[in-house]
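Heads up, the thing below is written out as structure tokens.
A, B, ... follow the sequence lines: proteins, then strands. Residue 1 opens every chain. Note that this is a predicted model, so its numbers are computed, not measured.
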There are 2 protein chains.
Amino acid sequence: METPAPGFVLDRETKANERPGDHKDELRLWLRLLTCSTLIETEIRNRLREEFKTTLPRFDLMAQLEKSTTGMTVGEVSQRLMVSNGNVTAVVAGLLADGLVDKRPAAQDRRVQVLTLTALGRKSFKAMAERHEGWIAELFAGLDHVEISQLFRLLGQTKGSLHQAIKRRADQANGEGDSA
Amino acid sequence: METPAPGFVLDRETKANERPGDHKDELRLWLRLLTCSTLIETEIRNRLREEFKTTLPRFDLMAQLEKSTTGMTVGEVSQRLMVSNGNVTAVVAGLLADGLVDKRPAAQDRRVQVLTLTALGRKSFKAMAERHEGWIAELFAGLDHVEISQLFRLLGQTKGSLHQAIKRRADQANGEGDSA
DNA sequence: AGAAATTATTTCAGGCTTAAAATAAATTCA
DNA sequence: TGAATTTATTTTAAGCCTGAAATAATTTCT
């Protein structure tokens with residue numbers, strides 16, 4: 001992938017045709033993506049613990065709430081964060097105990113729990129978010145504007161590809177819109 | 001980042017200079033990277049459970065062992081997988097119980113535990129790995145060869161940037177080679 | 001209205017994960 | 001040699017996370 005065989009410069013196409021069932025490039029790509037993601041997560045986790053004595057799941061949850069003035073339901077947060085409902089309930093329990101988040105049933109639909117940051121929660125989050133943004137910038141400091149923009153675009157493509165493939169699989173499992 | 005302000009086409013540079021402390025692009029990039037990584041992880045996790053009744057941590061651990069004919073120590077696996085030693089110990093416990101992995105103290109250094117796949121482990125892994133490679137290829141099917149190659153390269157850059165930033169921080173914390 | 005189906009959340013059991021403390025073996029060095 | 005240090009792993013306590021079952025409220029349908 002990085003170092004083409006000596007003597008050949010072109011011919012990615014040909015190479016692929018020569019090995020019909022070969023998907024090593026995709027596998028390597030995934031492993032590298034995972035490495036990057038893990039490195040960032042671990043570093044942010046460490047810094048949140050050291051500087052703010054908190055955890056990444058808590059920070060992420062607060063970040064979601066901060067973006068919404070009117071509050072969010074457990075289900076909305078769960079979807080945004082791509083974690084289970086039960087997990088949101090558990091992390092919220094901790095934040096409630098620390099007075100950072102407020103939870104109350106919605107007036108119109110008493111099944112729904114609306115989550116908001118308390119004043120303390122907003123203040124606490126603001127301080128963390130500022131540092132967090134700086135840390136992320138530091139971590140990506142080795143990339144210039146163009147590279148960041150290219151990477152952003154390619155990951156957008158990737159995201160689309162993933163959604164498509166996941167949807168394909170789900171449709172297949174459900175008998176393609178249960179029209180049969 | 002994706003949609004430049006109307007009337008401007010150039011001038012990423014200028015834009016950056018106008019907002020000195022702004023690192024929103026890096027933040028958006030990180031969020032998108034995390035989204036991709038989470039989508040893939042979740043999907044692979046689901047498929048491993050459905051088709052093989054196993055988990056991703058188990059699969060990842062077996063994948064490391066499979067690459068080494070002579071076996072690996074707990075520490076080596078821990079480093080490769082970027083997880084704690086204690087975690088390796090725990091996941092290995094499950095694999096040992098299922099007869100997929102073998103653990104024995106090294107002859108020369110009795111502190112060290114050498115892990116290898118059993119014959120059953122190799123057989124089991126082989127079946128999963130084949131499917132796994134196909135799943136990953138499916139997930140990235142929306143990207144062509146050039147995009148995959150570009151993305152791989154940019155993530156290589158990113159990985160380098162991350163290692164640098166993390167090292168910088170660590171050096172700083174240790175007083176820059178304790179020469180003071 | 002009232003039964004049935006749907007929707008939102010919580011609970012539960014179990015596994016993953018971490019950091020820090022404990023254990024145990026090997027190495028250094030006085 | 002033997003005490004002190006370093007290295008490899010395990011244990012521990014606590015929190016994260018999941019899928020599935022349970023609960024509770026709403027909506028749909030007759």
Q: Among D:dT18, C:dT9, D:dC16, find the nucleotide with the atom closest to the side chain of A:V83.
A: D:dT18
Q. Which whole-number value in Å describes the distance from A:I44 CD1 to C:dT18 P?
A. 16 Å
Q: Taking only the side-chain heavy atoms of A:N46 (C-beta and beyond), determine which of C:dT10, C:dA19, D:dT10 contains the nearest atom.
A: C:dA19
Q: Would you kindly give the CZ-to-P distance between A:R104 and C:dT10, to the nearest whole Å?
A: 15 Å
**Q.** Whole angstrom value for the distance that separates P of C:dT11 from CD of A:Q113
**A.** 10 Å
Q: For the residue pair B:L139 and B:L39, establish whether any side-chain heavy-atom pair is separated by less than 4.5 Å.
A: no
Q. Hey, are the side chains of B:L56 and B:L48 touching, using non-hydrogen atoms and a 4.5 Å cut-off?
A. yes
Q: May I ask you to say whether B:R169 pairs ionically with B:D171, meaning some side-chain N is under 4.0 Å from a carboxylate O?
A: no
Q) What's the closest nucleotide to the A:V112 side chain, out of C:dT9, D:dT10, D:dC17? A) C:dT9
Q: List in chain and number order the residues that pass side-chain hydrogen bond (donor to acceptor under 3.5 Å, both in side chains) with B:R58, two or more places apart in sequence or in another chain; answer none if no residue qualifies.
A: B:D98
Please produce a list of atom pairs where a protein N or O lies less than 3.5 Å from an N or O of nucleotides 20-26 of chain C.
| from | atom 1 | to | atom 2 | distance (Å) |
| --- | --- | --- | --- | --- |
| C:dA26 | OP1 | B:R110 | N | 3.1 |

Q: Say whether B:V74 and B:V114 are linked into one hydrophobic cluster, either directly or through other cluster members, by side-chain heavy-atom distances under 4.5 angstrom.
A: no
Q) Roughly, in whole Å, what's the span from CG in B:L61 to C1' in C:dG15? A) 14 Å
(Q) For B:E130, is there any backbone N or O sitting under 3.5 Å from a side-chain donor or acceptor partner on B:E133? (A) no
Q.
Expressed as a whole number of angstroms, how long is the span from A:R58:CZ to C:dT17:P?
A. 20 Å
Q.
How many whole angstroms separate atom CE of A:M72 from atom P of C:dA8?
A. 14 Å
Q: Please determine, for the side chain of B:N85, which listed nucleotide (C:dA19, C:dT9, D:dT9) has the closest atom?
A: D:dT9
Q: Report which part of the nucleic acid B:D60 touches: base, sugar-phosphate, or nothing (heavy-atom distance under 4.0 Å, all strands).
A: nothing
Q) Choosing from D:dC16, C:dT17, C:dT10, which nucleotide comes nearest the side chain of A:T89? A) C:dT10
Q.
Judged by each residue's nearest nucleotide on DNA chain C, which is more toward the 5′ side, A:V74 or A:T42?
A. A:V74
Q: For B:L95 and C:dG15, give me the distance from atom CG to atom P, rounded to whole Å.
A: 12 Å
Q. Checking all strands, does A:T73 fall into the base, sugar-phosphate, or nothing category for heavy-atom contacts under 4.0 angstrom?
A. sugar-phosphate
Q. Taking C-beta and beyond as the side chain, do A:E41 and B:W30 meet within less than 4.5 Å on heavy atoms?
A. yes
Q: Respond yes when some side-chain nitrogen or oxygen of B:N87 is under 4.0 Å from OP1 or OP2 of C:dC16, and no when none is.
A: no
Q) Heavy atoms under 4.0 Å, any strand shown: does B:T55 hit a base, just sugar-phosphate, or nothing? A) sugar-phosphate
Q. For B:R45 and B:V88, take the nucleotide of DNA chain D holding the closest heavy atom to each; which residue's nucleotide lies nearer the 5' end?
A. B:V88
Q | NZ/NE/NH1/NH2 to OD/OE distance under 4.0 Å, A:R47 and A:E138 | A | yes
Q) A:E41 CD to D:dC16 P: how many Å, rounded? A) 13 Å
Q) Does OP1 or OP2 of C:dG15 have a side-chain N or O of B:K53 closer than 4.0 Å? A) no
